[in-house]
Structure formats: structure tokens, C-alpha cells
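Contents: one structure, followed by commentary.
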Amino acid sequence: MEERRTGSAAAGKPKKSGGFLAQGSIYAASGVISSLIGLVYRMPLTRIIGDEGNGYYAAAFNIYAIILLLSSYSLPLAVSKLISARVGAKNYRNAERILRASLLYATVVGGIGCAAIFFGADWLAGSLLRIPEAAYPLRALAPTVWIVSYLGVCRGYWQGQSTMVPTALSQIIEQILNAVVSVGAAYFLMKWAVAKGKEESMARAFGATGGTIGTGVGAASALLLFVVLFLLSGRHRARRVRLDVQHREESYEEITRLLVLTVVPVILSTAIYNVSGILDNALFGQAMYDLGRQSEIAKQYGVYTGKYKLLLNVPIMIANSLGSALVPALSRAVGAGQRKEVERNITLAIRFSMVVAIPAAVGLGVMADPLIPLLFGKSELAVHIMQLGCLSVVLYSLSTVSNAILQGTNHMQVPVMHAALSLGIHVLTLEVLLRIFELGIVGVVIADMVFALSMCILNAASLYSLLHYRQEIRRSFFLPAFCAALMGLVTAGAKMFLKRFTGRVVLYTLVPIFLAVAVYGALLLLTGAIREKELLRFPKGESLCRLARKLHLI
């Protein structure tokens, strides 16, 4: 079945434009499930290690994320792009050679990344971030870099086969084991440190180290799943290679050159695009240190990453998932010269991301209080920055999808230039807000939005100039915003009513959220923001349509 589908694409027949949306929805669903698992386990983890421990944990992860970006973050996208082009042409022999070359690449860059973190942990945490306690959890993350390099290749291989199911399943397994081990290890290591008479800051550093151990265990479990999958599919893949006699065998030198040429632009764009996190950490820490407020660094940054960013990343994960599924689909359509298919996929991707991101932003703003206190305990700072920064969901979702569009249409270098320019604007804004206005972590939130807004504007201009693409506004932006605004009013009203007459925080938090989902979904269908033919492209689309008809929404 897979061979017939990819073969038709290669022959020039357009695939159903919603194919990538279905795969993206599967991956997005797994991403949301994983994010929710992450949210659930971070609650007890935060209570164990506190905001200060969260600051150590977040600082270590910022360094880890940059090393991961430089070593293996780009591998799933790059490998899926190369594999999908060959599978679409039934060039299975070279698809397998790309897999082997990519695994060798992962061995080299993963090993270098692991060594850089392990031996450079003290300098990175102490001199760069001004949080020396972060060296302990950072060093514990070193082996994970190597594991994730192999994991990235495996995920990219199966995404290139037009299936996101293995990636989605591995993501959920990874997060479950991560959650269990992280909480358990954090508890026991912190308890051990206290029993040994360590001072409080050091005990919390050991607790944060336990939290990072779970990351490595989770990644190793996901990699084990792919090893089993490759063993089970070995005969089928070998048979496809034997039958592939019409294609010239590409040398490993050619494949490595192609891999590097594909990986490097993605590394540059994602590294610059995400390096703002470590720059925020470093600039914030240095500014607070210079202002004599060093005692606030770990605590404020712990609130920012362990509460604000943790919640914010749940809806943004959907845009990331959609982007991962979109790149191979666009690459195949561009390769086959299917311009209308390219435009349909772009429109559908942007519309779907906005349909999710806009109400998520409104919901987080309206429900920040009581949602954050319910999940993490009382934190006025976290509520304040969430109400201020909830628009980031929309900006980051749109910039992520537009990045994927440019990469999938072979304009790999464009997001790199945009990210570099946006990063410069971001740093300038952040320094002004931190040092002149002395806004502390609020300045980081505002500068973060400025970065994402700049990316959105620059990417939109390039989509118009390079692809001659004009984005439809009414159904992609205006109607979702209108529906989200009405949803927000209903949600706020329900929250105030239940708070006044019940006083039970669980009740006036959860009921308005469920009500918001129902109201927004109904409004989308009633206003025509989502039409029946588009609803059919979603997983279980026919069931959703039947339900909508029974409720007279379509």
C-alpha cells in the first residue's frame, strides 16, 4: 500500500492534500500527550526541588538544548527530507544507504556533543550562566546527547516513509519513562544530599540532577523501540532493496555531502532560532548580577521556564508537529512540480496552526489564574507573565510553520537569515528592558515575543516574494480570532460565576476549560472557519462530521 501511494506521487498524481495533516495530527496528538505528561510530572518535580532547583534544571537544559541543536536536532528533518525524495521515486536502495550514512554522522556528532557537555559543564554553568550549581544536572545530560543523535536519525527515517506513528509512539514512551525516573531520582538524590548535610542550594542541585537523569532513560527507551522496529521490518526493507535495480547507487561520499548540505542550513536556522533561550538565560543572569539582584536569578528563571514556558509549549508543540509532517509532503510536491498541491498544503498548515494557537493564547490568558496556582501552587509572578506573554503561542506557532514551509520548498537558507536578524533585534530589546527599565524576567518575556514577531513578518515577506504566495486572511486569522474572543468571554464569565458560587478551585478551573473547547469548536463550524471537507481530513474525520451533523453545526 505504501509503495503504491508513493509511486503515484512520483508519477505526478497529486496526493490528497490532507495527508500531511492527518500525519501531523497524529504527531501533534502524541506531542500534546507528551507535553501533558511533562506538565504532570513537572508539578511534583517543582514541589520537590522548588523554584531555585527549577532554575538549575532550566539552566542545564538551555545548554543541553544548544548542544543538541548543533549535533542532532536537525537530523529528523534532514533525514526525512532526503529519505522522502527517494522513497517517492521508489529508490529504496539509496534510502537505506542514507540511513547508514546518517547513523555514522550521528555517531560522530553525538560523541562530540557528549564530550563537550561532560568536560565543559563547570565553565558553561559557572562562567557563562552565572549558575555554577547547574553543572551537576548538565553533566548528567551528557550521554543523552549521544542517544538522541541516533534517535533523531531513526525518527527521520520513518517520517521520510510518510508515517509519523513510530515517532509519535516513541515520543509517548520516552516521556512516560522520563516522568517516572525524573521524579523518583530527584526525590532520592535530594533526600540523600540532605542526609549528607549538604547546604540547601546544593541539595536542590542534586534534585535537579535527578530530574535530568530521567531524560536520558526516556530517550534510551525510545531508541530501543526503534531498534525493535528495524529488526521487525528488516526482511521487508531488504526485499525492497533487492528489487530496486533501476536506480544508480549513490556513493557514501555523495550521500554524506547531501546530508551535510541539508543538515547545515537546518542547524543554522534552528540554532539561531532557539539560541535565544540560552542568550536570555546568560543576559538575564549577567544583568541581574550587575544590578546586585543575583539572589533572584535562579528563582525568577525557574518560574519562567518551569511554569510559564512549560504551559506555553503545550500548544506550540502542535505547530512543531505540523511542521515536521509538512516538510516531507512539501518536498514531494515541489519535486513533482505540483504547484497547486504546494499552495493547498501551505494554506492548510497555516490555517490549522492558527485554529489551534489563537484560542490557546486566549485560554491561557483568561485562565492563567487559577490554572497556574492549581498546577504549581501560588505564584503571582507566573500568572502575571502568562497574562502578558500568552500571545507568544500565536507568534511562535506561525513562525514555526512558516519556517517549515520555506525549508520544505528548498529555501533552506532563508530562515537562517531571518533568525539571525530577529536574534539581533531580540538581544537589543532584551538589554534595554533588563538594564534600562530593570524589568527582570518580564523583560525576557517581552523580548521573546519581539523575536517571534520579527520571524513572522520576515517569513511572510519571503513567502510572498519567493513563492508568490498570498495568505488567505478571513478563515485563517479573522474567524478563529473572532471565535476565540467569544470563547474567552464565555470562559471568563463561567470562571467568575463558579468562583463566586462554589469557591472550589478545581471546579472553576476545569469546567470553564471544557466549556471553552466545546464553545470554540461549535463556533468554528457555525462561522465556516472549518468546513466539512476540511474536517474530513482530520483523524476520525467522518466520526467528527457525523457528530457535527447531529448537533446541526454543519
Mind running side-chain contact (heavy atoms from CB on, under 4.5 Å) on Ile117 and Thr144 for me, showing each step along the way?
-> CA-CA 10 Å; Ile117 284 186; Thr144 310; over 6 Å; no
Glu250/Arg93 salt bridge by N-O under 4.0 Å criterion | no
Is Arg86 salt-bridged to Asp244, going by a charged N under 4.0 Å from an acidic O?
-> no
I need the minimum non-hydrogen distance between [X] and [Y], along with the two atoms involved.
X      : Y      : answer
Ser399 : Met455 : CB-CB, 3.8 Å
Gly306 : Leu310 : O-CD2, 3.5 Å
Ala193 : Ala203 : CB-CA, 3.7 Å
Ala140 : Pro143 : O-CD, 3.5 Å
Leu463 : Ser402 : CD1-CB, 4.4 Å
Leu75  : Ala106 : CD1-CB, 4.2 Å

Passes side-chain hydrogen bond (donor to acceptor under 3.5 Å, both in side chains), His411 versus Ser462? Steps please.
-> CA-CA 10 Å; His411 297 96; Ser462 290; over 6 Å; no
Which pairs pass side-chain hydrogen bond (donor to acceptor under 3.5 Å, both in side chains) with one or both residues in residues 202-231, sequence neighbours excluded?
->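 Qualifying pairs, neighbours excluded: Glu200-Arg204.
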Would you check, one step at a time, whether the test side-chain hydrogen bond (donor to acceptor under 3.5 Å, both in side chains) holds for Arg237 with Ser233?
-> CA-CA 6 Å; Arg237 291 185 294 110; Ser233 64; 3.1 Å; yes
With sequence neighbours excluded, residues passing side-chain contact (heavy atoms from CB on, under 4.5 Å) with [X]:
X      : result
Leu259 : Val79, Leu82, Ser102, Tyr105, Val263
Leu453 : Leu395, Ile457
Ala121 : Ala135, Leu138, Arg139
Ala360 : Pro315, Val393

Qualifying residues under ring-ring contact (aromatic ring centres under 6.0 Å, His included), relative to Phe206, sequence neighbours excluded =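 Scan of Phe206 (ring-ring contact (aromatic ring centres under 6.0 Å, His included), adjacent residues dropped) gives Tyr136, Trp192.
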Please name all residues satisfying ring-ring contact (aromatic ring centres under 6.0 Å, His included) with Phe230, sequence neighbours left out, ordered by chain then number.
->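 Residues passing ring-ring contact (aromatic ring centres under 6.0 Å, His included) with Phe230: Tyr157, Trp158.
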Backbone N/O of [Y] and side chain of [X]: donor-acceptor pair under 3.5 Å:
X      : Y      : result
Ser392 : Gly389 : yes
His247 : Ala89  : yes
Gln300 : Ile441 : yes
Trp146 : Gly113 : no

So [Y] and [X], do their side chains get closer than 4.5 Å, heavy atoms only?
X      : Y      : answer
Leu279 : Leu423 : yes
Phe352 : Ser397 : no
Glu96  : Arg100 : yes
Asn91  : Asn94  : yes
Asn62  : Tyr301 : yes
Tyr56  : Ser201 : yes
Phe226 : Leu229 : yes
Tyr308 : Val303 : no

Heavy-atom neighbours of Tyr252 OH exceed 12 at 6.0 Å |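 Result for OH/Tyr252: enclosed.
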Go through the structure and list residues passing salt bridge (charged side-chain N to carboxylate O under 4.0 Å, His left out) with [X], not counting sequence neighbours.
X      : answer
Glu174 : Arg155
Glu52  : none
Glu254 : Arg248
Arg47  : none

Go through the steps for Asp280 and His426 under the test side-chain hydrogen bond (donor to acceptor under 3.5 Å, both in side chains), then give the verdict.
-> CA-CA 9 Å; Asp280 288 350; His426 169 82; 2.5 Å; yes
How far apart are the C-alpha atoms of Lys81 and Asn410, what are their side-chain angles, what is the distance that settles it, and do they pass the side-chain contact (heavy atoms from CB on, under 4.5 Å) test?
-> CA-CA 10 Å; Lys81 186 176 174 65; Asn410 297 325; 2.9 Å; yes
Roughly how far, to the nearest 0.5 Å, is [atom2] of [Y] from [atom1] of [X]?
X      : Y      : atom1 : atom2 : result
Ser454 : His418 : OG    : NE2   : 9.0 Å
Leu104 : Leu99  : CG    : CG    : 11.5 Å
Leu283 : Leu430 : CG    : CG    : 5.5 Å
Thr46  : Lys307 : OG1   : NZ    : 6.5 Å
Asn345 : Thr409 : CG    : OG1   : 11.5 Å
Gln159 : Cys154 : CD    : SG    : 11.0 Å

Verdict with reasoning, Leu467 to Ile405, per side-chain contact (heavy atoms from CB on, under 4.5 Å) = CA-CA 10 Å; Leu467 303 179; Ile405 292 167; 4.2 Å; yes
Apply side-chain contact (heavy atoms from CB on, under 4.5 Å) to Gln175 and Ile33, showing your working.
-> CA-CA 9 Å; Gln175 195 69 318; Ile33 292 169; over 6 Å; no
Less than 3.5 Å apart, which donor and acceptor atoms pair up between the side chains of residues 180-189 and the rest of the protein, not counting sequence neighbours?
unit_1: Ser182; atom_1: OG; unit_2: Asn178; atom_2: O; d: 2.7
unit_1: Ser182; atom_1: OG; unit_2: Asn178; atom_2: OD1; d: 2.7
unit_1: Ser182; atom_1: OG; unit_2: Gly211; atom_2: O; d: 2.8

Exactly one candidate in Leu68, Leu124, Leu141 meets side-chain contact (heavy atoms from CB on, under 4.5 Å) with Ile63; the answer is Leu124
Without hydrogens or angle criteria, can the side chains of Tyr396 and Asn313 be said to hold a donor-acceptor pair below 3.5 Å?
->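 Note: Tyr396 and Asn313 side chains miss the donor-acceptor criterion.
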